[in-house]
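Each residue takes its place number in the sequence, starting with 1.
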Amino acid sequence: MSRQLSMDTVRQNFWKEEYLREKMLRCEWHHKYGSLVKARQKAKAAARLPLKLPALPPRAPLSPPPAPKAVPSRASSPALEAPIQSEMYPVPPATRALLYEGISHDFQGRYRYLSTRKLDMPEKRYLFPITTSFTYGWQLGPPVKQELVSCKMCRTDSFFRKNGAFALLDPRDLAL
């Protein structure tokens, strides 16, 4: 874009006034709306920060109920006192020992432990079905393997229609 060479004092004064007027407009806008814009920017920045949850107050330990005096107190085993924390049965010691024998790269250690563990039915591993998908396989029993007795041609002949896809059904195509 070429520069205009015909710049006289009238035109220079015009551009000077325009520049000063725009500068004044910007200053007035900033004076009028600047604090609102800053407040909005701070609100947006605060919204981007991760939500901090309030800290819970420490729980007071529950006092044990008073024991009746007529019954002599017995020391109960710690296994009976502790509530069940897990939804799984404890792992047998023989299976747990597989974890510490070798490494997974050699198909030992964790790999062998998980392979052995998945062979158990879910009822033997879990106390109850945890998810709804567990209910589909819960208490099914061992899998039953079914062998196909027919030959490949028998399966092919019984699967496909003999008269094409859009032909009316032939009585010979229907199973008896």
Side-chain angles (χ1 to χ4, degrees), residues 1-67 73 75-143 159 165-166:
M1 199 164 144
S2 66
R3 189 172 179 197
Q4 292 180 358
L5 297 176
S6 61
M7 197 64 128
D8 55 356
T9 53
V10 176
R11 212 170 244 213
Q12 281 180 346
N13 289 337
F14 166 77
W15 285 115
K16 190 178 185 181
E17 286 176 21
E18 279 294 313
Y19 174 74
L20 289 174
R21 196 177 88 205
E22 282 183 19
K23 189 176 176 183
M24 287 303 293
L25 277 173
R26 284 192 187 115
C27 287
E28 287 174 15
W29 186 94
H30 183 68
H31 181 68
K32 188 175 181 181
Y33 299 109
S35 59
L36 295 173
V37 170
K38 278 209 176 211
R40 264 196 213 141
Q41 287 175 345
K42 284 183 181 179
K44 282 186 181 179
R48 279 189 229 122
L49 291 175
L51 177 66
K52 280 193 170 182
L53 297 175
L56 293 174
R59 284 188 178 178
L62 297 174
S63 60
S73 63
S76 60
S77 66
L80 296 175
E81 291 177 2
I84 297 174
Q85 297 282 333
S86 176
E87 58 265 346
M88 295 183 80
Y89 287 117
V91 182
T95 308
R96 184 180 295 265
L98 294 175
L99 274 172
Y100 308 107
E101 297 174 7
I103 58 173
S104 293
H105 182 73
D106 299 329
F107 303 110
Q108 295 175 348
R110 182 173 176 262
Y111 176 85
R112 198 155 147 219
Y113 167 79
L114 292 173
S115 300
T116 308
R117 193 80 169 122
K118 77 177 177 186
L119 294 177
D120 292 338
M121 293 187 297
E123 301 88 44
K124 291 183 180 177
R125 286 183 283 166
Y126 295 94
L127 295 170
F128 52 87
I130 296 171
T131 62
T132 54
S133 63
F134 272 36
T135 58
Y136 296 116
W138 204 258
Q139 296 178 347
L140 280 181
F159 182 77
F166 299 108

Chemist: Taking C-beta and beyond as the side chain, do Tyr89 and Lys124 meet within less than 4.5 Å on heavy atoms?
Modeler: no
Chemist: Where is the tightest heavy-atom contact between Gly102 and Gln108, given as atom of each residue plus distance?
Modeler: CA-OE1, 3.3 Å
Chemist: Closest approach of Ile130 and Phe134, non-hydrogen atoms and distance?
Modeler: N-CD2, 3.5 Å
Chemist: When you compare the side chain of Arg26 with that of His30, does any pair of heavy atoms fall below 4.5 Å?
Modeler: no
Chemist: Output the distance between atom CG (Leu114) and atom CG (Leu119), rounded to the nearest 0.5 Å.
Modeler: 11.0 Å
Chemist: For Arg125, is the CZ atom crowded, meaning more than 12 foreign heavy atoms sit under 6.0 Å from it?
Modeler: yes
Chemist: Just say parallel, tilted or perpendicular for the rings of Phe107 and Tyr111, cut-offs at 30° and 60°.
Modeler: perpendicular
Chemist: If you measure from OG on Ser35 to CZ on Arg40, what distance do you get to the nearest 0.5 Å?
Modeler: 10.5 Å
Chemist: Please report the interatomic distance CZ(Phe14) to CG(Asp8), rounded to the nearest 0.5 Å.
Modeler: 12.0 Å
Chemist: Looking at Phe128, I want to see if its CZ is surrounded by more than 12 non-hydrogen atoms of other residues, nucleotides or ligands under 6.0 Å.
Modeler: yes
Chemist: What distance do His31 atom NE2 and Glu28 atom CD have between them, rounded to the nearest 0.5 Å?
Modeler: 9.0 Å
Chemist: Rounded to the nearest 0.5 Å, how far does CG of Leu98 lie from CZ of Arg96?
Modeler: 11.0 Å
Chemist: Above 12 or not: heavy atoms from other molecules or residues under 6.0 Å from CZ of Arg112?
Modeler: no
